Amino acid sequence: MRIIAALCICIFLMQPVAASAAPKKDRAYYETRGEIVWEVNTDEKVIALTFDDGPHPKYTDQVLELLKQYEAKATFFVVGNKIQLYPDVLERTAREGHEIANHTYSHAYIGRKTNIKKELNTTEDLIVAKTGQRSQLFRPPGGFYNDRLVSVVKDEGYKMIMWSWQLDTKDWNTPGVNRIVNSVLKNAKNGNIVLFHDYIEGPTQTIQALKIILPELKNRGYKLITVSELLSYNKAIPAKIH
């Protein structure tokens, strides 16, 4: 019996000690670390409108006219190869006080073989050359991210920006003007980040939707500002995200 007991003790001692459970890397993990932003916690009536995938010589200019009409500012997440095609549109966007942010050079979905630094730096060089300013924000195409991307983006000096989940207008899929309008007006809240596109393949419904959305948000008392301005309103993130 003593031999059996001794063997049991030895076997027990040889078992690996369970390591502390790794933190769950969900939205709350990245948000509380300040590595990714989906929206801002604020009591102020402020919203950030964002436009992806431009610049575009027709659509971006129409967006800019509407923003000017309603005294709104926005953030444009631009693609490097589009900057090369339409540099004058980018210059106008910056000149009119809107924020320019990095959205990669080729709109590549980030994979293991993607040269993230090249995608970022090539676009950044074009932004600086055309506007004289360095962008501070980055948004990954499709909203796809992983630890590697988060690390590189942070090391390169950017803040990664997503959008409020309920305010993805899906305008790139031309769902109908009313659906785009309703997705914003039925869900808009303080501190939200709204996702639009100022470039899509084919005809856009975004312009017509903005003609309804912008005056209504203004009527509700919202101030439409850039993402960087929105970040300055951020309060402490609540322990639980609803």
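Computed from a predicted model, the values in this text were never measured in an experiment.
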Tell me whether Lys130 is salt-bridged to Asp88, with the criterion being a basic N under 4.0 Å from an acidic carboxylate O.
no
Does the side chain of Leu67 reach to within under 4.5 Å of the side chain of Leu49, using non-hydrogen atoms?
yes
Nearest heavy-atom pair of Asp61 and Pro57: which atoms, and what distance?
OD2-O, 3.0 Å
Considering only heavy atoms from C-beta outward, does the side chain of Ile180 approach that of Ile213 to under 4.5 Å?
yes
Any Lys/Arg nitrogen of Arg27 or Glu31 sitting under 4.0 Å from an Asp/Glu carboxylate oxygen of the other?
yes
Any side-chain heavy-atom pair of Leu137 and Asn102 under 4.5 Å:
no
Parallel, tilted or perpendicular, judged at 30° and 60°: which one describes the rings of His56 and Tyr59?
parallel
Of all heavy-atom pairs between Thr206 and Phe196, which one has the smallest distance, and what is that distance?
CG2-CD2, 3.9 Å
Between Glu39 and Asn192, the two heavy atoms sitting closest are OE1-ND2, 3.3 Å
Nearest heavy-atom pair of Leu167 and Ser183: which atoms, and what distance?
CD2-O, 3.2 Å
Do the side chains of Glu119 and Asn115 get nearer than 4.5 Å, heavy atoms only?
no
Close side-chain approach of Asp52 to Leu195, heavy-atom, < 4.5 Å
yes
Is the shortest heavy-atom distance from the side chain of Pro55 to the side chain of Val78 under 4.5 Å?
yes
Can you see whether Glu35 engages Tyr145 through a side-chain donor-acceptor pair at a distance of less than 3.5 angstrom?
no
Taking the six-membered ring of Tyr86 (Phe, Tyr or Trp), confirm whether the NZ or CZ of Arg92 is under 6.0 Å from its centre and within 45° of its axis.
no
Any side-chain heavy atom of His98 sitting closer than 4.5 Å to one from Thr75?
no
Taking all heavy atoms of Pro175 and all of Gln205, pick out the closest pair and write down the distance.
N-OE1, 3.2 Å
Using only heavy-atom distances, determine whether the side chains of His197 and Asp171 contain a donor-acceptor pair under 3.5 Å.
yes
Contact between Glu216 and Tyr222 at the side-chain level, heavy atoms closer than 4.5 Å - yes or no?
no
Quiz question: by atom type and distance under 3.5 Å, do the side chains of Thr226 and Glu229 form a donor-acceptor pair?
yes
If only side-chain N and O atoms count, and only distance matters, is there a donor-acceptor pair under 3.5 Å linking Asp147 with Tyr30?
yes
Could you tell me if Lys218 sits above the aromatic ring of Tyr70, with its cationic atom closer than 6.0 Å to the ring centre and no more than 45 degrees from the axis?
no
Non-hydrogen atoms of Asn81 and Ser106 that approach each other most closely
ND2-CA, 3.6 Å
Taking atom types as modelled, find out whether Arg179 and Thr169 have a side-chain donor-acceptor pair closer than 3.5 angstrom.
no
